[in-house]
Protein chains: 2
Amino acid sequence: MTENQIEESSTRYNTIIKIAQKFFMEHGYQAVSTRQIADACEITQPALYHHFKGKKELYLEVIRRTLNTTENDINNILSENLEVEKRLHKFSKYMFSNFQEDITKMFHDIYHIFDADTQKIIYGWWAKGFLDPVVKIVEDGIKQGELKNLSLIDAQPIEIGFLILNTIKGSLEPKLLKNLNEADKEFFIERKSKLIVNVLLSGIGK
Amino acid sequence: MTENQIEESSTRYNTIIKIAQKFFMEHGYQAVSTRQIADACEITQPALYHHFKGKKELYLEVIRRTLNTTENDINNILSENLEVEKRLHKFSKYMFSNFQEDITKMFHDIYHIFDADTQKIIYGWWAKGFLDPVVKIVEDGIKQGELKNLSLIDAQPIEIGFLILNTIKGSLEPKLLKNLNEADKEFFIERKSKLIVNVLLSGIGK
DNA sequence: TTCGCAACTTATCACTTGATAAGTTAAATA
DNA sequence: TATTTAACTTATCAAGTGATAAGTTGCGAA
């Protein structure tokens, strides 16, 4: 075990990140204080600084873990060789179920907090976890003849990947979902995902 | 002139709102201090409190004006009786040109700052300015036979309005646009809007 | 048994925050 | 001309903020 691995398997260290993740994702970086996080962890505020260099570094680790977890989940979802429609539907449902907080806000914070180099690193994680899998779906879909030849609409697979991601991202409604019970939530997500995929594939025009 | 109208036409009052708008839209409510706004207005921080009861009230007025301006602009854009495709294209271009900051963040702030009643009032402004016009486009499009009968995809016009709005909203890329010159910006917006409308109307499926 | 060190705590720092109180000034009104 | 008042300013507040220094504790290795 390396020093880093010991640290990462420590219970307290993980608790801090889990709780910090909850707070940061719900309220954003600025609105969360180190004291709030520490209180929720039932430790004193300076104790945080034993595990993390500062608030920024804690936030960065939260982001890293979030994106890393997502990458694994999405790759599992997409490992089955399904048709495009089913893959997109699964992906949409995953996003609705797991990103009940605006990730747009997260990227806004990243832009204003971290320097350009760190931003690039984070963008790399995001691309690997989110964008690449969706672009893969699009590319596979074209190969299988399930999707249009994109040159017809003067677009690149990566552009369509972005568009799909943005459409789903823009449709997430964390506040609405929070007030539903599990059954209603499931129903809402199923219906919404179906609609989004339907429009993405067939459009609303005649 | 009522007392309110005098206040609203005052130069200083308007300057404060304009500058506050710029700051709030770029950084979000929490990240902007009353001192930053005051400094940019070249007045002292307590002078703000002569014009506004508090930071919250200033922010609320910024939101009201932003949504009100948008409502007027959009109604002008959509007053021409064009076909659905051209209307959506115009609308998309307007959004890209005028909302160079994430409006998602604005709604996040609203949710965490204001009480439920105030939130409802703001939602009313938003619905009137953004949602209603888009729903009108959809309804007109169905009447004119340019769009599918929505019962085919088990959807309501308002749902499709949301989806269109969210797709465009999610695709806004303020950071990217900021680094482009006017010509490149125009080109980017034109191209992106065309792609979005194309996918919304025809989809990417075969 | 002693030592070392991880994992804390208490106390405190400099700084920023939104907000208020009290005094000033210049222009409109009576 | 006297008075009022809008539009400020200076001074100051309490409540927070992220961060550091220095001391404590308890456990595992030597």
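Please read all numbers here as calculations on a predicted model, not as lab measurements. All values below were derived from every heavy atom in this structure, side-chain atoms included, with hydrogens, water molecules and symmetry-related copies excluded. Within every chain, numbering begins at 1; the chains are lettered A, B, ... in the order of the sequence lines, protein sequences first and strands thereafter.
Remark: A:T34 pairs with A:Q45 by the side chain to side chain donor-acceptor pair (under 3.5 Å) rule, at least two apart or across chains. Residues satisfying the side chain to side chain contact (heavy atoms under 4.5 Å, CB included) criterion with B:K22, sequence neighbours excluded, are absent altogether. Listed by chain and residue number, B:E190 satisfy the side chain to side chain donor-acceptor pair (under 3.5 Å) test with B:H89 (two or more places apart in sequence, or in another chain). Every residue two or more places apart in sequence or in another chain that forms a ring pair (Phe, Tyr, Trp, His ring centres under 6.0 Å) with A:Y123 is listed here: A:W126. Applying the side chain to side chain donor-acceptor pair (under 3.5 Å) test to A:K148 and every residue at least two apart in sequence or in another chain returns nothing. Take B:D117 and apply the side chain to side chain donor-acceptor pair (under 3.5 Å) test, not counting sequence neighbours, and it matches no residue.
Closest approach to the B:I43 side chain among D:dT9, C:dA19, D:dA7 is made by D:dT9 (side chain taken as heavy atoms from C-beta onward).
Distance NE2 (A:H50) to P (D:dT24): 18 Å, rounded to an integer number of Å. For A:L48 and C:dA6, the CG to C1' distance is 16 Å, given to the nearest whole Å. The nearest whole Å value for the distance from the CD1 atom in B:I16 to the P atom in D:dA6 is 16 Å.
Both the sub-6.0 Å distance and the 45° axial angle are satisfied by A:K55 relative to the ring of A:Y29.
An OP1 or OP2 oxygen of D:dC8 is reached within less than 4.0 angstrom by no side-chain nitrogen or oxygen of B:T44.
For the contact set between residues 30-41 of chain B and DNA chain D, defined by any heavy atom under 4.0 Å, there are no members.
Annotation: side-chain hydrogen bond (donor to acceptor under 3.5 Å, both in side chains) contacts involving residues 128-139 of chain B, sequence neighbours excluded, comprise B:E71-B:K128, B:K136-B:D140.
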Per-nucleotide protein contact string for nucleotides 20-25 of chain C (B base, S sugar-phosphate only, - none; heavy atom under 4.0 Å):
B-----
